[in-house]
There are 2 protein chains.
Amino acid sequence: MTRTVKDPETRRGELIDAAEELFLANGYEETTVADIVRKIGVAQGTFYHYFKSKDEVLDAITDRWIEEIKEGVAGIASGDDSDSIEKIIRVFGFFSSLGKSRQGLVEYVHEGRNAHLHNKFERKVPSILTPLFSRMIEEGVRERFFDVRYPEMAALFIIVTTGAISHIYETYRLNENTEKMNEITAATFYFIERILGAEQGIFIKYASRMEAST
Amino acid sequence: MTRTVKDPETRRGELIDAAEELFLANGYEETTVADIVRKIGVAQGTFYHYFKSKDEVLDAITDRWIEEIKEGVAGIASGDDSDSIEKIIRVFGFFSSLGKSRQGLVEYVHEGRNAHLHNKFERKVPSILTPLFSRMIEEGVRERFFDVRYPEMAALFIIVTTGAISHIYETYRLNENTEKMNEITAATFYFIERILGAEQGIFIKYASRMEAST
DNA sequence: CAATAACTGATTGACAGTCAGTCAATACCA
DNA sequence: TGGTATTGACTGACTGTCAATCAGTTATTG
């Protein structure tokens, strides 16, 4: 094949893009390195010039996703135009919109065959989000919305719970069990209020007020 | 090699035992089917006579573990010699003792290289334990210890949270960060009390009373 | 023009899974 | 009781696939 040299950053990007697309379409295990390189028309060796292993591209892909999540949450959390309740609601809204625009991705991450990826997410997400949530919760405590003895632990609990529950939510969504889906959503807010020691129903109240003002 | 015919149940058991031992020692990916059959001195084909794939033995192994957990919890939950608070404390005690007697297993399940297995656990455990926890929580509501609108969801939340937190607890344990470990334990009870709408500190109070009476 | 780095693609080694066939035990019949 | 048919446990060489390697080639840069 004719040889084309590109800016390393570009090439690396091409490889990650191709891998991401194929992993999403066919799964990690089912995608071969040969598939990835064929997609952009380079030799197999080129792949290994940029990545030490197949696993390493997966890391690069998840890092990209996690960076996106981090920036989205940080953007909401750092704003001083809203109180902590509003911020937390917006963060959940951000998660939900991310899930909707990337439905394939959500299904993918929860599929059994992609245990590998799911695991990477489970490791990285809490460590990135806990400090951000922690700050919002502490802000909420100062604002007297919340009353909680362990703000950092509360953050961790909320994050891991939401993550694990989304797993179960996803199975109900695939079975079109709307009743259970609604129950999970309602229960999630109910328990988050309890964990944070917030007034019962305050999240729903705020959420509908926020919707009305748009 | 000389041919020895055994009772199929025995042979199947031998294969599962050998696979479990090797998976625990070296990891799932790192163990080959050839290793498994070599260990008990049968041909590779024999393995595939009993299992459709390498993944299927892993299923058999996790099913065995999960059965053990289920029976342990069911035994505690069904007893009518204790109230719901005591039962829940005993269940957590059971988890902790399981973790101690099988330290290798716990570390193993949480190791990155065994994402596959971790995922299997995460799928199976909640579906098995939720009904059992649900009943204990409903019992506690009748006994006026708890006050919670969604008992089944509370069960689910507590189970997935405990599972995910144990993951994080494990990393602190490996780093010998005793402070964080204690904080997690205290926070876990604190938040479980909040989720269940129980009196603050009731679990600790009961736990120390139970210890005193032994 | 020398050094560096991007790139090639045939090759290797490891492994999951297959398959055609062997052998032992049991069941059935004369 | 002895002969034979059937079942299914068991064998192990073999295959196809794939991640990873490596010796070599081409472009770029100073």
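Just so we're on the same page: letters track the sequence lines, and every chain starts at 1.
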For every nucleotide of nucleotides 22-30 of chain D, 5' to 3': is a protein heavy atom under 4.0 Å from its base (B), only from its sugar-phosphate (S), or from neither (-)? ---BBS---
Could you write out DNA chain C as dot-bracket? Rules: Watson-Crick or G-U wobble, both distances under 3.5 Å, brackets [ ] for crossings, | for pairs with another strand, dot for unpaired. ||||||||||||||||||||||||||||||
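The side chain of A:Val42 has C:dT8 as its nearest neighbour among C:dT8, D:dT11, C:dA6.
Residues satisfying the side-chain hydrogen bond (donor to acceptor under 3.5 Å, both in side chains) test with B:Thr32, not counting sequence neighbours, are B:Asp35. Legend: residues meeting side chain to side chain contact (heavy atoms under 4.5 Å, CB included) with A:Ser53, ordered by chain and number and at least two apart, are A:Asp55, A:Glu56. Taking B:Phe146 as the reference, nothing meets the ring-ring contact (aromatic ring centres under 6.0 Å, His included) condition, with sequence neighbours excluded. Remark: A:Glu138 engages no residue in a salt bridge (charged side-chain N to carboxylate O under 4.0 Å, His left out) (not counting sequence neighbours). With sequence neighbours excluded, the residues forming a side chain to side chain contact (heavy atoms under 4.5 Å, CB included) with B:Ile128 are B:Ile66, B:Lys70, listed by chain and number. Residues passing the side-chain hydrogen bond (donor to acceptor under 3.5 Å, both in side chains) test with A:Thr178, sequence neighbours excluded: none. Residues forming a side chain to side chain contact (heavy atoms under 4.5 Å, CB included) with B:Asp83 (at least two apart in sequence, or on another chain): B:Ile85, B:Glu86, B:Glu143, B:Phe145, B:Tyr206. Not counting sequence neighbours, the partners of A:Thr185 by the side chain to side chain contact (heavy atoms under 4.5 Å, CB included) test are A:Tyr169, A:Phe189.
The side chain of B:His49 contributes an N or O atom lying less than 4.0 Å from OP1 or OP2 of D:dA9. B:Arg11 has no side-chain polar atom (N or O) that falls below the 4.0 Å cut-off from OP1 or OP2 of D:dA9.
When heavy atoms are screened at a 4.0 angstrom cut-off, B:Phe47 is found touching no nucleic acid atom at all.
Here the P atom of nucleotide C:dG17 and the CG atom of B:Asp55 are 8 Å apart, to the nearest Å. Taking atom CD of A:Glu14 as the reference point, atom P of C:dA6 lies 14 Å away to the nearest angstrom. C:dA6 atom C1' lies 14 Å from atom CZ of A:Phe51, rounded to whole Å. Summarising the geometry, the separation between NZ on A:Lys52 and P on D:dA19 is reported as 17 Å, rounded to the nearest angstrom. With rounding to whole Å, A:Glu30 atom CD is found 14 Å from C:dA16 atom C1'. One atom, CZ of A:Arg12, and another, P of C:dA5, lie 17 Å apart when rounded to the nearest Å.
One finds a salt bridge joining B:Glu14 and B:Arg11 here, because a Lys/Arg side-chain nitrogen approaches an Asp/Glu carboxylate oxygen to under 4.0 Å.
Between the side chain of B:Tyr190 and the main chain of A:Arg149, a donor-acceptor pair closer than 3.5 Å is present.
Applying the salt bridge (charged side-chain N to carboxylate O under 4.0 Å, His left out) rule to pairs touching residues 152-165 of chain B yields A:Lys180-B:Glu152, sequence neighbours excluded.
Checking A:Tyr50 against B:Lys54, the closest nucleotide of DNA chain C that is more toward the 5' end is the one next to A:Tyr50.
Less than 4.0 Å separates DNA chain D from at least one heavy atom of each of the following residues of residues 31-40 of chain A: A:Thr31, A:Thr32, A:Val33.
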